[in-house]
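Every chain is numbered from 1 and lettered A, B, ... according to where its sequence line falls, protein lines coming before strand lines.
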Amino acid sequence: MTLETPQQLPSAYDPASVEQRLYQKWLDAGYFTPTIDPAKRPFVVIQPPPNVTGELHLGHAQRATVEDALTRWHRMLGDAALWLPGLDHAGIATQVVVERELAAEGLTRHDLGREKFQERVWDWVGKSRGRISEQHRRLGVSCDWSREVFTLDPRPSRAVRHTFVNLYRKGLIYRGERIINWCPRCATALSDLEVEHRETDGNLYYIHYPLANGNGRLTVATTRPETLLGDTGVAVNPEDPRYAAFIGKDVVLPVLGRRIPVVGDEAVETDFGTGALKVTPGHDPTDFDLGERHGLPIVTVMHPNGAMNAEAGPYEGLDRFQARIQIVEDLQRDGLLELVEDHRHAVGHCQRCDQVVEPMVSKQWFVRIAPLAKPALDVVRDGTVRIVPERFTRIYENWMENLRDWCISRQLWWGHRIPVWYCGACDQEIVEYEDPDACPHCGSRDLTQDEDMLDTWFSSGLWTHSTLGWPDETEDLGYFYPTSVMETAHDILFFWVARMIMLGIENTGKAPFHTVFLSGLIRDVEGAKMSKTRGNVLDPLDAIDQYGCDALRFALTVGNAPGNDARLGASKLEAARNFANKIWNAARYVARAMEEADDLTGWSDPPAVHLEDRWIKSSLNRLVARVNRQLEDYQLGEAEQSIYEFLWSEFCDWYIEAAKVRIRSADGPSPVPMLVHVLETTLRLLHPFMPFVTEEAWSNLVARVPRERELAPSIMVAPYPVADASAFDDAAEDAIASVREAIRLVRNARAEFRIPPAQPLELLVDPGAPQSALEAEAPLIRALARVEPLRFLEGRDQLPTTGAATAVVGGAVMAIPLEGLVDIGAERMRLSGELADAQQALERLGARLSDAQFLEKAPEEVVERERDRQRATEERKARLQELLTQLSE
RNA sequence: GGGCGGCUAGCUCAGUUGGUUAGAGCACUUGCUUUACACGCAAGGGGUCAUAGGUUCGAGUCCUGUGCCGCCCA
């Protein structure tokens with residue numbers, strides 16, 4: 001590749017011409033695949049596998065950026081960094097998507113049959129995978145594509161099979177008639193987590209249940225009157241004086257006329273409704289528990305599709321919502337409906353298809369959760385697993401302490417099939433690692449496999465180890481497990497993270513990672529969740545086309561605190577794009593300075609002799625220290641902010657501008673080696689976040705540099721910067737700060753008095769101190785403030801007393817003679833104001849420093865800092881007073 | 001009903017062992033074709049950190065109460 005001259009480089013950074021080329025270069029070099037090396041420390045991130053049928057959205061892009069940044073950082077630290085990508089078959093989500101497609105053709109999955117339907121899904125998967133993969137690559141992710149896994153691949157499927165069999169044999173998986181959440185649209189059971197509760201306007205119906213003996217009646221309140229068809233009791237609180245006498249008697253179920261008992265139970269809330277509760281064990285989870293306590297029978301009144309069944313008597317065949325209307329009418333007719341109230345309450349909806357979910361008793365497979373939850377709780381409590389940000393630890397604990405058994409069977413056709421066979425001859429359940437040919441109990445070949453599929457999250461829960469080869473003792477598993485950081489969105493803490501911890505410990509004996517890093521959700525500018533129906537979805541690829549990958553990555557992560565939701569809009573993307581362009585142009589400038597410099601010797605660690613060099617080197621090393629600290633503490637957004645500020649406001653705004661002055665005058669040591677050094681270091685610091693522009697700029701720099709140290713072939717395998725504390729230089733930083741202040745004051749006066757930028761100004765300075773930084777930096781002040789002549793005075797009495805803009809910087813006094821422009825009275829007013837400020841500050845400082853408590857209790861360095869400030873403020877006050885006296889003469 | 005989070009400049013947000021005069025981006029005002037960058041440069045305006053108490057030498061930061069907004073769980 002021939003090196004372009006700096007002049008040939010475009011003046012605006014063009015991401016499109018860089019990104020694909022560099023990504024290919026990294027792929028070809030094999031940087032994304034770590035080598036298993038016992039001498040190295042492994043760093044492992046397992047990617048949360050996106051749904052195979054979905055497209056990546058900005059949330060994925062943000063998480064990918066965080067995961068990539070962590071991986072790139074560790075790779076540069078010299079770790080064996082593995083970021084393992086994958087895809088999730090997403091059972092119910094995918095099935096719903098494909099069923100919708102079928103519905104558009106007027107078909108259901110039953111028209112196709114199980115096999116054809118599965119083929120159809122695989123077709124869809126094939127199309128979708130390519131898109132997801134393309135999106136990921138465009139995001140610049142450095143994941144190891146050679147290890148990419150799909151949840152339905154043979155290896156993870158084997159892990160699913162082994163886990164199921166092991167848990168079954170330990171008695172931790174069982175089949176039973178329990179109350180579950182049923183989606184009539186999807187015709188499948190759902191776990192508690194897959195139900196979304198939404199506040200909905202409904203009614204509360206007060207219904208009379210006459211006593212069987214004809215002496216009165218009980219009135220119950222319900223939001224779902226149609227379920228009374230499945231009532232097998234009425235419950236009241238035994239402490240409730242209104243109803244105590246009813247316990248043990250029978251009431252007559254309206255409409256159906258069935259006799260059902262009244263039972264006493266403490267769980268009944270006396271102040272909800274009438275205080276009497278109809279008990280429907282077949283269609284309500286609390287009633288199920290209650291019914292179990294009192295031995296009440298279970299009656300299920302609905303078909304799986306939500307229509308009423310034979311138990312519903314005259315309502316058989318009606319849809320559940322029609323049945324509700326009909327029953328209410330009938331109750332009214334019979335005079336059994338006391339009243340109907342408006343009532344707002346939470347109604348469960350299917351997470352995937354939004355239908356109202358029906359609690360229903362059904363025969364399903366469950367995981368016994370308590371024995372798994374205990375160790376998973378312990379590892380978080382004892383710090384083996386750290387959750388970032390910390391506040392989610394409590395949320396995790398609360399949830400884990402209140403878990404019900406996990407319903408894992410789904411009446412779907414897409415996913416991992418439940419590995420249980422039933423023998424037609426002896427009726428035994430057969431659960432083996434390999435598919436059985438014959439019944440091990442009776443030898444019969446009349447075997448049928450369970451029709452159901454496993455909850456997707458069952459396989460996801462194994463992801464940290466199934467991707468590395470478990471249950472086999474593979475080299476990958478031995479080296480990379482347990483993994484390091486699990487980064488994911490906080491909304492799947494329970495769905496996924498908790499189950500990974502439970503099943504990771506269960507299968508391997510070890511917690512699957514040491515850190516959980518939870519990201520917030522990405523919202524649109526208005527703060528709304530992005531969704532297709534709202535039409536506010538921003539495709540990551542569009543954003544990349546428009547602003548560039550680095551800009552998107554930066555915009556998605558800069559300044560974000562872990563776990564907090566963030567909004568993204570055009571202005572943030574523009575700011576990020578501008579930053580990429582700033583870096584590009586800084587690099588372009590430095591490259592040009594290099595071409596024109598005679599000697600770049602020492603660039604890799606230039607000695608800091610000149611005050612400006614001492615300052616920038618000190619400042620750079622403080623930045624490096626800070627960024628390392630922030631990364632170690634997972635404050636990625638802050639780290640980016642730090643780099644942004646240094647690069648733009650320190651390096652570009654001041655060091656480069658100062659360097660130009662020195663280069664032009666050819667006076668003193670050349671700043672070019674330092675320019676190269678600072679930029680090269682900062683690019684490495686930033687690379688994990690903005691991989692492309694840093695690589696491109698870095699390559700352009702190092703291609704022009706003498707080989708003073710071994711140079712990596714790519715910034716992504718170059719070492720991450722380490723701070724050199726010996727470069728810290730407070731004196732230089734203070735000195736440059738006062739020079740900057742002086743320049744700012746001159747520019748300020750120029751703006752205030754409307755003096756054209758090109759017109760030089762005379763500046764008189766009484767430096768005050770013998771070794772003033774203002775004197776040392778006179779050329780810089782001349783150039784950046786457009787000062788000519790700049791004269792340093794012997795004594796204050798030489799300062800002009802009229803018609804001058806004046807200011808105090810540290811111990812120095814400056815005056816810009818502006819006869820005829822400056823109103824001396826206004827000038828005096830301004831200085832008096834400053835004097836008053838100084839006086840006020842001194843009073844505060846004096847009070848603090850004379851407080852014995854403060855002196856005794858505050859740390860030494862804080863006291864010392866206050867003393868320094870007091871000294872400086874006193875000096876400033878003295879100078880201001882002198883100046884004012886002079887002006888009033 | 002229980003829990004969590006937010007309330008900081010016009011807007012969006014940082015601010016992690018409590019320690020300068022509380023920061024950034026965007027927006028705003030003024031002026032600039034200054035040969036790296038107008039995706040830029042310079043100067044500037046703008047905040048009693050929701051509220052009431054408390055702890056402390058010192059509170060945006062810790063504690064308690066209150067108000068509004070959002071989320072999670074039941």
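- Distance from the side chain of Arg394(A) is smallest to G3(B) among G3(B), G23(B), A36(B).
- In this structure, Ala575(A) reaches the sugar-phosphate backbone alone: every heavy-atom distance under 4.0 Å involves primed, P, OP1 or OP2 atoms, never a base.
- Not a single donor-acceptor pair under 3.5 Å links the side chain of Arg178(A) to the backbone N or O of Cys407(A).
- Heavy-atom nearest nucleotides on RNA chain B were determined for Tyr13(A) and for Asp633(A), and the one closer to the 5' end corresponds to Asp633(A).
- Considering only side-chain N and O atoms, Asn578(A) lies under 4.0 angstrom from the phosphate OP1 or OP2 of G40(B).
- Listed for the Asp265(A) side chain is no donor-acceptor partner under 3.5 Å among the backbone atoms of Ala235(A).
- Here, C7(B) and A50(B) have their C1' atoms 5 Å apart, quoted to the whole Å.
- Within 4.0 Å (heavy atoms only), Pro756(A) reaches no atom of the nucleic acid at all.
- Contacts of Arg592(A) with the nucleic acid, taken as non-hydrogen atoms under 4.0 Å apart, involve only primed sugar atoms and P, OP1 or OP2.
- Counting non-hydrogen atoms under 4.0 angstrom, Asp851(A) reaches the backbone sugars and phosphates but no base.
- Glu574(A) comes within contact range of no nucleotide atom at all, as no heavy-atom separation falls under 4.0 Å.
- Checked against G19(B), A74(B), C37(B), the side chain of Asn585(A) finds its nearest nucleotide in C37(B).
- At distances below 3.5 Å, not a single donor-acceptor pair connects side-chain atoms of Glu640(A) with backbone N or O atoms of Phe689(A).
- Tyr655(A) meets the ring pair (Phe, Tyr, Trp, His ring centres under 6.0 Å) test with no other residue; sequence neighbours excluded.
- Nearest approach of Ile179(A) to Asp284(A), heavy atoms of both residues: CD1-N, 3.2 Å.
- In this structure, Glu861(A) reaches neither bases nor backbone, as no heavy-atom distance under 4.0 Å exists between it and the strands shown.
- Taking every side-chain heavy atom of Arg754(A) into account, U30(B) is the closest of U30(B), G5(B), C39(B).
- Rounded to whole Å, the distance from CG on Asp565(A) to C1' on G6(B) is 11 Å.
- Rounded to whole Å, the separation between the C1' atoms of U30(B) and G45(B) comes to 11 Å.
- When every heavy atom of Arg871(A) is checked against every heavy atom of Asp868(A), the shortest pair comes out as NH2-OD1, 2.5 Å.
- The nearest heavy atom of RNA chain B to Pro757(A) and to Tyr634(A) marks one nucleotide each, and the one closer to the 5' end goes with Tyr634(A).
- Contact annotation for Phe579(A): no contact, since no heavy-atom pair falls under 4.0 Å across all strands.
- Using the six-membered ring where Trp is involved, Tyr644(A) and Phe579(A) have ring planes that are tilted, between 30° and 60° apart.
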Tabulated below should be each protein N or O lying under 3.5 Å from an N or O of nucleotides 42-46 of chain B; please produce it.
unit_1, atom_1, unit_2, atom_2, d
A42(B), O3', Arg747(A), NH1, 3.3
G44(B), OP1, Arg744(A), NE, 3.3
G44(B), OP1, Arg744(A), NH2, 3.1
G44(B), OP1, Asn748(A), ND2, 3.3
G44(B), OP2, Arg744(A), NE, 3.4

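- Using atom C1' as the reference point in both C11(B) and C72(B), the two lie 28 Å apart (nearest Å).
- Here C39(B) presents its C1' atom at 5 Å from CG of Asn581(A), a figure rounded to the nearest Å.
- The residue Asp837(A) sits apart from the nucleic acid: no heavy atom pair falls under 4.0 Å.
- The separation between Leu849(A) atom CG and G19(B) atom P is 18 Å, rounded to whole Å.
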What N/O pairs connect the protein and nucleotides 8-10 of chain B at under 3.5 Å? Give each pair on its own line.
none

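- Remark: the backbone N or O of Ala735(A) is paired with a side-chain donor or acceptor of Ser738(A) at under 3.5 angstrom.
- Considering CZ of Arg879(A) and CE of Met814(A), their distance stands at 14.0 Å, rounded to 0.5 Å.
- Panel note: side chain Arg386(A), backbone Val516(A); no donor-acceptor pair is recorded below 3.5 Å.
- Using a 4.0 Å heavy-atom distance criterion, Arg523(A) is classed as making no nucleic acid contact.
- Taking only side-chain atoms of Arg844(A), from C-beta outward, the nucleotide of U34(B), U21(B), C4(B) with the closest atom is U21(B).
- What separates CG of Asn398(A) from P of G2(B) is a distance of 13 Å, to the nearest Å.
- Protein atom CG of Leu568(A) is 15 Å distant from nucleotide atom C1' of C11(B), rounded to whole Å.
- The main-chain N or O of Ser11(A) is found under 3.5 Å from a side-chain atom of Asn585(A) such that the two form a donor-acceptor pair.
- Distance, Lys660(A) NZ to G40(B) C1': 11 Å, rounded to whole Å.
- With 3.5 Å as the limit, one finds a donor-acceptor pair spanning the side chains of Glu843(A) and Gln839(A).
- Nucleotides G6(B) and U51(B) are separated by 15 Å at their C1' atoms, to the nearest Å.
- For residues 864-873 of chain A, proximity to RNA chain B is found at Arg865(A), Arg869(A), defined as any non-hydrogen atom under 4.0 angstrom from a strand atom.
- Taking atom CZ of residue Arg577(A) and atom P of nucleotide C26(B), one finds them 11 Å apart after rounding to whole Å.
- As rounded to the nearest Å, G60(B) and U20(B) have P atoms that lie 10 Å from one another.
- Not a single ring pair (Phe, Tyr, Trp, His ring centres under 6.0 Å) links His283(A) to another residue, sequence neighbours left out.
- Leu9(A) comes within contact range of no nucleotide atom at all, as no heavy-atom separation falls under 4.0 Å.
- Here the closest heavy-atom approach between residue Ala591(A) and residue Leu701(A) is recorded as N-CD2, 4.4 Å.
- Between C41(B) and A24(B), the two P atoms lie 15 Å apart (nearest whole Å).
- In this structure, His490(A) atom NE2 and C4(B) atom P are separated by 16 Å, rounded to whole Å.
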- Note on the structure: Under the rule of Watson-Crick or G-U wobble with both distances under 3.5 Å, where | means paired to another strand and [ ] a crossing pair, RNA chain B maps to ((((((((.[[[[.)...(...]]]].(((((.......))))).....[[[[[..)....]]]]]))))))).
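- Distance check on atom C1': C49(B) versus G40(B) gives 33 Å, rounded to whole Å.
- U12(B) and G31(B) have their C1' atoms separated by 28 Å, given to the nearest Å.
- Side-chain contact between Tyr589(A) and Leu679(A) is absent, with no heavy-atom pair separated by less than 4.5 Å.
- With hydrogens and angles left out, the side chain of Glu640(A) and the base of A24(B) share no donor-acceptor pair within 3.5 Å.
- Taking side-chain N and O atoms only, Lys582(A) has a distance below 4.0 Å to OP1 or OP2 of C41(B).
- Side chain to side chain, Asp633(A) and Gln635(A) meet the donor-acceptor criterion of an N or O pair below 3.5 Å.
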- Message: Using the rule given for side-chain contact (heavy atoms from CB on, under 4.5 Å), can you reason through Trp457(A) versus Ile492(A), listing the C-alpha separation, both sets of side-chain angles and the distance that settles it, and then say yes or no?
- Response: CA-CA 10 Å; Trp457(A) 298 100; Ile492(A) 55 172; 4.1 Å; yes
